[in-house]
Number of protein chains: 2
Amino acid sequence: MGDASVAEPSESRAVPRDRIAAAAVELLDAHGESGLTFRALARRLQTGPGVIQWHLANKAGLLQAATAAVLPDAMLDEDAGTPRETIRAIAVDVYDAIDAHPWLGAQLAKPPWQDTMLRIFEHIGRSIQALTPQFAAQFSATSTLLNYIIGAGSQQARTSRSETATTGRAGALAALSAQWECLNPQEWPFTRSMATQLRSHGDRDEFLAGVDLILDGLNATRREE
Amino acid sequence: MGDASVAEPSESRAVPRDRIAAAAVELLDAHGESGLTFRALARRLQTGPGVIQWHLANKAGLLQAATAAVLPDAMLDEDAGTPRETIRAIAVDVYDAIDAHPWLGAQLAKPPWQDTMLRIFEHIGRSIQALTPQFAAQFSATSTLLNYIIGAGSQQARTSRSETATTGRAGALAALSAQWECLNPQEWPFTRSMATQLRSHGDRDEFLAGVDLILDGLNATRREE
DNA sequence: ACCTGAACACCGTTCAAGT
DNA sequence: ACCTGAACACCGTTCAAGT
């Protein structure tokens with residue numbers, strides 16, 4: 001904290017985009033979305049405020065750079081045999097990324113679509129193309145999958161993150177589950193009945209069951225016509 | 001602006017929660033999420049800053065009140081015969097609400113789940129319960145539907161909102177569609193092929209096709225076991 | 001071309017003070 | 001119980017000035 005003066009003489013003063021994005025990710029991981037600040041970022045890079053704005057237009061660009069750094073294009077280049085397996089592999093990649101970086105889900109969901117989001121759309125879509133020849137069905141299935149992956153991933157990542165607390169991750173889920181069990185049965189019959197089901201929530205298998213559900217729907221639709 | 005002094009003598013100085021929520025919705029509709037400010041809200045209610053904090057704990061509570069005001073419980077109390085029709089009716093209600101209030105989508109998607117989100121979960125789940133007896137399938141289907149409805153609704157609302165611009169809503173979609181057509185065919189084969197499909201994007205039928213897809217998946221899964 | 005740091009116009013939140 | 005308004009500790013963004 002106090003020794004930020006002249007540890008390194010002056011090997012290279014340049015602050016490349018890579019380092020900015022990496023530092024932004026560190027800040028986001030450590031202190032959440034509100035922890036990412038131009039001033040905090042400049043302090044961490046041992047430079048003055050206003051430097052980042054020279055490289056990136058604004059805060060949206062900064063979040064975008066952090067997102068791209070954490071979910072690189074290569075990660076989505078899966079090819080696991082069948083289209084279904086490939087889609088599952090991509091889904092797991094995104095799931096794991098959101099799980100490791102809880103801020104990522106909200107960032108991806110935020111309209112308008114960024115490059116990263118369009119890239120996931122493209123990669124999933126290529127496999128969907130192999131499952132049905134109809135454009136309308138391809139579009140519906142791909143956007144449905146994308147919405148599910150981002151949405152469910154965000155929800156599950158949130159409960160996972162509570163593991164730093166006293167109880168651990170299983171305990172956090174148990175607590176939420178107990179909360180659902182205390183709901184008024186007259187007003188919340190369904191949610192209450194899902195309390196036990198909620199305990200298995202948050203693992204990859206649960207998540208992948210939703211992916212399979214959508215793919216089953218695509219198959220069923222195809223069969224009927 | 002200048003005549004905010006003593007138009008009304010002093011019939012009732014109380015500023016009830018209802019008026020706060022209603023004014024917040026007006027502000028959000030007019031100027032977006034960044035337009036909702038404690039100071040702007042107090043000015044609109046012709047009172048001093050700091051009043052709102054006495055009624056609502058913080059800004060999260062303010063957004064929550066606005067969300068509940070715009071998506072009341074009664075709106076979800078649909079019963080349109082079959083479970084599928086009921087679910088479609090609820091989905092359309094949420095879709096229309098997001099379309100009318102573009103800030104709503106991001107608000108609902110934001111974790112953790114608020115009362116409003118849990119209520120939609122409950123209402124959809126009750127109909128899903130009628131479609132399959134398995135708890136695991138009920139949970140998957142309900143959360144998949146919810147993620148799709150919020151996610152797809154947000155995306156579609158965004159493109160709808162561009163109608164205030166020069167071109168109108170169809171023009172905005174055409175512009176985005178043209179943008180997709182200009183993508184590199186080597187790098188973006190799928191997205192490019194969806195360019196024409198994108199034009200039909202944003203209407204209720206397109207949106208409901210995704211809901212049907214998920215319900216078809218639930219049926220198919222049930223048949224296999 | 002790249003970096004500095006002060007300045008501007010905000011923001012949410014708190015809180016003593018009034019009625 | 002309800003409202004006021006000043007004060008605090010921030011924030012993103014801009015921009016003249018340096019190297």
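Note that the coordinates shown come from a computational prediction; the quantities given were computed from them, not determined experimentally. The chains referred to below are lettered A, B, ... by the order of the sequence lines, with proteins before strands, and numbering in each begins at 1.
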Let me know the distance between [atom1] of [X] and [atom2] of [N], rounded to the nearest Å.
X: B:Lys59; N: C:dC11; atom1: NZ; atom2: P; answer: 8 Å
X: B:Glu33; N: C:dC10; atom1: CD; atom2: P; answer: 19 Å
X: A:Arg39; N: C:dC8; atom1: CZ; atom2: P; answer: 14 Å
X: B:Gln46; N: D:dG5; atom1: CD; atom2: P; answer: 13 Å
X: B:Leu63; N: C:dT13; atom1: CG; atom2: P; answer: 11 Å
X: A:Ile52; N: D:dC11; atom1: CD1; atom2: P; answer: 12 Å
X: B:Arg43; N: D:dG5; atom1: CZ; atom2: C1'; answer: 14 Å

Taking the [atom1] atom of each, how far is [N] from [M], in whole Å?
N: C:dC2; M: D:dA17; atom1: C1'; value: 13 Å
N: C:dC8; M: D:dC11; atom1: C1'; value: 12 Å
N: C:dA9; M: D:dC10; atom1: C1'; value: 13 Å

Handout entry: Closest to the B:Asn58 side chain, choosing from C:dT13, C:dA1, D:dA1
Key = C:dT13
Practice task
Taking only the side-chain heavy atoms of A:Phe38 (C-beta and beyond), determine which of D:dA1, D:dG12, C:dT13 contains the nearest atom.
Solution key: D:dG12
Exercise for the section: Respond yes when some side-chain nitrogen or oxygen of A:His55 is under 4.0 Å from OP1 or OP2 of C:dC3, and no when none is. Expected result: yes
Practice task
Give B:Leu36 one of three labels, base, sugar-phosphate or nothing, depending on what nucleic acid heavy atoms sit under 4.0 Å from its own.
Solution key: sugar-phosphate
Exercise for the section: Any chance you could measure A:Met194, atom CE, to B:Thr142, atom OG1, to the nearest 0.5 Å? Expected result: 7.0 Å
Exercise for the section: Assign the ring pair B:Trp180 / A:Trp113 to parallel, tilted or perpendicular, where the plane angle (0 to 90°) is split at 30° and 60°. Expected result: parallel
Exercise for the section: For the pair A:Phe207 and A:Tyr148, name the ring-plane relationship: parallel under 30°, tilted 30 to 60°, perpendicular over 60°. Expected result: parallel
Completion exercise
Given the options A:Phe135, A:Phe121, A:Phe139, B:Phe190 meets ring-ring contact (aromatic ring centres under 6.0 Å, His included) only with A:Phe121
Fill in the blank from the handout: Tested for side-chain hydrogen bond (donor to acceptor under 3.5 Å, both in side chains) against B:Thr191, the lone hit among A:Arg119, A:Glu122, A:His123 is A:Glu122
Handout entry: Residue whose nearest DNA chain D nucleotide is more 5′ - A:Thr37 or A:Pro49
Key = A:Thr37
